[in-house]
Engineer: 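Sending over a structure as structure tokens; questions will come in a sec.
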Amino acid sequence: MTTASAPGKVILIGEHAVVYGRPALAVPVSDLRARVRVEEGSETGVRLRAAQIDFDAWLHEMDEGHPLRRAVDLTLEALQLDSPPSLELEVDSDLPIAAGLGSGAAVTIAIMRGLGAHYGRELPPSEQSTLAFEVEKLHHGTPSGIDNTVIAYGQPVSLIRGADPRLLQLGAPFCLVLGDTGESSPTARAVAGVRQRREQDPKRYEALFDEIADLAIQAREALQEGQIDRLGPLLDRNQSCLEQLGVSTERLEKLIDAARAGGALGAKLSGAGLGGIMLALVEPSRSADVAAALRSAGAAGVYETEVRP
Ligand code: PMV
């Protein structure tokens, strides 16, 4: 039996603007992971189970466009096996689905790593990322590629769509508290909404994307120099841009306000918005207070995590 895992992720700065060629920063969430267990099966074929979502199916009976099937098919193709596989795969995950934490890409990459380990041939991060990007396209048509990149490399990244990712060396660790609204975040709908509004007012939207790009560049420098205090106000300003893009909600803002009142250095929604999670940057000594403030404000899930160099 082999096991493997992959972390979740959060976008620190730059969601939505990244779809329009601006840089975005994302970091892995190592404490929340998707895991896979791979065992040799007793009959030919691949059986996939995910007890948490009541899922149990043979690969060949699944729709070819099913993300789990695609993840397995692409990996087995890349591994170039000599004989048809006979496998049992069991997937489980700490990551809430459709919350902005990269659950889909984490499961895909955990599967790739599990199969790679089972056959004694780990695919390199760049190949994991490229293959996972193919699966990401099934979740929403035009992904920027940020989820597959940060999760495959397991390191903070600065990404410009279509360009090679820039891996970041953090100058210092920092702590985040994540609050889940409990409302699922419809990435495709949020992205389509921004596209539609941008078509009606391109000048205003391009200016907002430029402002976000400027925040991402400043945040990248602050992270690399380990000046975590500088990051807080940049997160707050990014939230204001996201509100103007029309992807924030009352529930997100209630959690963001609660985190700020609880002592966060800065807070914003993270991911596509219209639901999903928010993140708060905190001093380690304030993490528990901010987590408590989020719970009192009705967060459906609260996660404290440290991002390490
Ligand atoms: O909520 P997520 O993790 O799917 O993030 C979406 C981020 C967007 O910038 C809105 C879309 C993208 O493809 O980058």
Side-chain angles (χ1 to χ4, degrees), residues 6-29 32-34 67 93-109 129-130 132-152 156-163 165 176 178-198 205-206 208-213 215-216 219 235 238-239 241-249 251-252 255 268-279 301 303 305:
K9 74 93 194 30
V10 285
I11 298 179
L12 273 188
I13 290 204
E15 49 275 271
H16 289 290
V18 70
V19 175
Y20 298 88
R22 281 25 171 230
L25 301 181
V27 298
V29 179
L32 298 177
R33 309 187 74 84
S93 174
D94 307 325
L95 295 153
I97 295 171
L101 278 160
S103 145
V107 167
T108 299
I109 291 173
S129 177
T130 306
F133 184 61
E134 292 307 309
V135 182
E136 286 296 283
K137 286 186 195 160
L138 302 170
H139 291 291
H140 77 106
T142 57
S144 61
I146 197 149
D147 285 21
N148 48 286
T149 305
V150 66
I151 291 172
V157 296
S158 168
L159 185 92
I160 294 183
R161 190 177 186 164
L176 295 175
L178 314 176
D180 188 355
T181 57
E183 296 168 331
S184 80
S185 167
T187 303
R189 183 152 67 81
V191 171
V194 171
R195 175 162 301 127
Q196 203 174 34
R197 291 190 290 280
R198 178 187 166 274
Y205 277 72
E206 288 298 318
L208 282 169
F209 297 148
D210 283 340
E211 193 176 336
I212 294 172
L215 297 172
L235 299 180
N238 191 180
Q239 170 61 21
C241 295
L242 289 160
E243 286 169 18
Q244 294 174 67
L245 289 179
V247 293
S248 189
T249 64
R251 264 186 91 73
L252 280 164
L255 298 184
K268 65 180 276 288
L269 72 84
S270 176
L274 298 183
I277 56 151
M278 50 67 69
L279 61 81
Y303 312 95
T305 187

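In each ligand, atom 1 is the first atom listed, and ligand 1 is the first ligand listed.
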Engineer: Using a 4.0 Å cut-off to any heavy atom of P143, which atoms of ligand 1 qualify?
Structural biologist: 13 (O)
Engineer: Side-chain contact test, heavy atoms from C-beta onward, threshold under 4.5 Å: evaluate it for T305 versus L32 and give yes or no.
Structural biologist: no
Engineer: Which pair of non-hydrogen atoms, one from L215 and one from I13, has the smallest distance, and what is that distance?
Structural biologist: O-CD1, 4.0 Å
Engineer: Pull out every atom of ligand 1 sitting under 4.0 Å from any heavy atom of G100, numbered as shown with elements.
Structural biologist: 1 (O), 3 (O)
Engineer: I need the nearest protein heavy-atom contact for atom 14 (O) of ligand 1: residue, atom name and distance, please.
Structural biologist: S144 OG, 2.5 Å
Engineer: For ligand 1, which atoms sit closer than 4.0 Å to a heavy atom of D147?
Structural biologist: 3 (O)
Engineer: Who's the nearest protein heavy-atom neighbour of atom 6 (C) of ligand 1, and how far?
Structural biologist: A272 N, 3.7 Å
Engineer: Output the list of atoms in ligand 1 that are nearer than 4.0 Å to some heavy atom of V18, sorted by atom number.
Structural biologist: 9 (O), 14 (O)
Engineer: Hey, is the main chain of P143 close enough, under 3.5 Å, to the side chain of K137 for a donor-acceptor pair?
Structural biologist: no
Engineer: Of Q239, E243, K268, which is the lone residue that meets side chain to side chain donor-acceptor pair (under 3.5 Å) with S248?
Structural biologist: Q239
Engineer: Distance-only, no hydrogens or angles: does the S185 side chain make a donor-acceptor pair with backbone N or O of A98 under 3.5 Å?
Structural biologist: no
Engineer: Among all protein heavy atoms in this structure, tell me which lies nearest to atom 4 (O) of ligand 1, with the distance rounded to 0.1 Å.
Structural biologist: T187 OG1, 3.0 Å
Engineer: For E211, is there an ion pair with R22 - N to carboxylate O distance below 4.0 angstrom?
Structural biologist: no
Engineer: Minimum heavy-atom separation for V18 and R161, please, with both atom names.
Structural biologist: O-CB, 3.8 Å
Engineer: Considering only non-hydrogen protein atoms, determine which one is nearest to atom 7 (C) of ligand 1 and report residue, atom name and distance to 0.1 Å.
Structural biologist: I11 CD1, 3.7 Å
Engineer: For L101 and ligand 1, answer yes if some heavy atom of the residue is under 4.0 Å from a ligand atom, otherwise no.
Structural biologist: no
Engineer: Do the side chain of H16 and the main chain of A272 share a donor and acceptor less than 3.5 angstrom apart?
Structural biologist: yes
Engineer: So is K9 close enough to ligand 1, meaning a heavy atom under 4.0 angstrom away?
Structural biologist: yes
Engineer: Using a 4.0 Å cutoff against the non-hydrogen atoms of E15, which atoms of ligand 1 qualify?
Structural biologist: 9 (O)
Engineer: Write out the residue and atom name of the closest protein heavy atom to atom 9 (O) of ligand 1, then the distance separating them to 0.1 Å.
Structural biologist: H16 N, 2.9 Å
